[in-house]
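Reading through the structure tokens given below for one structure.
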Amino acid sequence: RKAEIDTLRYLLDHHLEEHVALAIDLPPAVAPAAGLPPPAQQPRFMLVLSFPPGEEAENKQRPLMDKFDNYASDRLRDSRFKDTQPPLKVGEYEIQELECKELNLHESWAFVENLFLYGQGKSVVADAVRNYAVNRGRGTLSQHNGYQAAFARVGDNAQLYLQVDATAQIMASLNDQPLARQVFAPLLQNLEQNRPQLALGAYVMDGENAP
């Protein structure tokens, strides 16, 4: 995994001053079959770098793009790795993908506006780009008045971080707690109606009380 270590070191050395976010998507717990160990569950994750807008962003994106082109070339020297040809297109954005079935490894990355996205896990970057470019972020939350109001206030001039929905983890944990499940059963029957389960962070660039 030396290539991953070298790439991580490059990101830390050259891009730590950027805004960085890490999103981790834990798979729902799966009950093992009788007499067998629990099935292997691998989380998906995505790293997002935010570049400053304008010409400075272009100057920083080009070396990073070249770095990941070289990273893919190094990977593909190993016959176990395959890439997607032509690259996956989601909306107007191109997503580079690498896969090694023997290691159960799926890697992908993309440049979207002034963001760089890198992820491990099946279609994790494609899902994010699709929600942005095709669905325009319109999931269940788009029907919620509180979400609409919050987004309307800060959506035009703020950096937003939104993390949503621990439903799968909640339901899995309640399977082993019959008393708790009995209490929460009415809510669990109508999860779509009882959303959102979310955390929202916003940083407004200027103005009074901006942070």
Side-chain angles (χ1 to χ4, degrees), residues 7 11 15 18-27 42-73 75-76 81-101 105-144 147-165 167-168 192 195-196 198-205:
T7 302
L11 291 173
H15 296 284
E18 266 80 68
H19 294 284
V20 180
L22 177 66
I24 300 175
D25 179 18
L26 296 175
Q42 285 194 318
R44 304 192 307 172
F45 77 84
M46 184 168 62
L47 176 74
V48 184
L49 298 177
S50 171
F51 296 100
E55 186 176 341
E56 187 179 353
E58 294 181 13
N59 293 337
K60 291 202 165 204
Q61 284 186 9
R62 173 52 59 186
L64 186 58
M65 192 179 299
D66 292 342
K67 177 69 177 177
F68 270 82
D69 285 345
N70 293 334
Y71 176 75
S73 297
R75 288 289 215 206
L76 292 170
F81 282 85
K82 308 295 180 187
D83 63 348
T84 302
Q85 289 296 339
L88 177 65
K89 201 80 180 289
V90 177
E92 60 185 288
Y93 303 104
E94 194 172 272
I95 299 172
Q96 305 290 332
E97 295 181 305
L98 286 175
E99 179 182 50
C100 177
K101 292 183 177 179
L105 180 64
H106 304 270
E107 296 180 277
S108 52
W109 57 90
F111 288 88
V112 178
E113 308 301 339
N114 68 319
L115 300 179
F116 172 72
L117 291 72
Y118 168 82
Q120 287 192 12
K122 191 73 170 175
S123 75
V124 64
V125 170
D127 288 347
V129 176
R130 188 173 295 108
N131 283 330
Y132 168 74
V134 180
N135 301 331
R136 291 297 175 190
R138 293 193 174 276
T140 309
L141 284 173
S142 67
Q143 309 304 318
H144 189 272
Y147 172 84
Q148 295 272 26
F151 192 85
R153 289 190 63 186
V154 299
D156 292 335
N157 62 346
Q159 297 174 10
L160 293 176
Y161 175 71
L162 182 66
Q163 181 171 323
V164 183
D165 194 6
T167 303
E192 293 299 320
R195 292 184 189 232
L198 66 90
L200 173 69
Y203 181 85
V204 183
M205 297 307 294

note = In short, Leu117 meets Ala128 closest at the heavy-atom pair CD2-CB, 4.2 Å
remark   = Looking only at heavy atoms, the pair that brings Ser108 and Val124 closest together is OG-CG1, 4.4 Å
query = Between CZ of Phe81 and NZ of Lys101, what distance do you get to the nearest 0.5 Å?
reply = 13.5 Å
key: Heavy-atom closest contact (Phe45 atom, Leu22 atom, distance)   = CD1-CD1, 3.8 Å
Distance (rounded to the nearest 0.5 Å) between Glu107 CD and Glu97 CD = 11.0 Å
key: Shortest non-hydrogen contact from Ala72 toward Leu98   = CA-CD1, 4.0 Å
task = Step by step, work out the side chain to side chain contact (heavy atoms under 4.5 Å, CB included) result for Gln96 and Phe68.
result = CA-CA 9 Å; Gln96 305 290 332; Phe68 270 82; over 6 Å; no
ask   = How many angstroms lie between CG in Leu49 and CZ in Phe111, if you round to the nearest 0.5 Å?
value = 8.5 Å
query = About how many Å separate CG of Leu64 and OH of Tyr118, when rounded to the nearest 0.5 Å?
reply = 12.0 Å
request  = Run the numbers on Glu113 and Tyr93 for side chain to side chain contact (heavy atoms under 4.5 Å, CB included), then give the verdict.
outcome  = CA-CA 9 Å; Glu113 308 301 339; Tyr93 303 104; 2.2 Å; yes
task = Measure the spacing between OG1 of Thr84 and NZ of Lys89 and express it to the nearest 0.5 Å.
result = 14.5 Å
Least distance between heavy atoms, Ala126 atom then Ile95 atom = CA-CD1, 3.5 Å
note = Distance col, row Glu99:CD vs Arg75:CZ, nearest 0.5 angstrom, shows 12.5 Å
ask   = Would you say Arg130's side chain and Val90's backbone share a donor-acceptor pair under 3.5 angstrom?
value = no
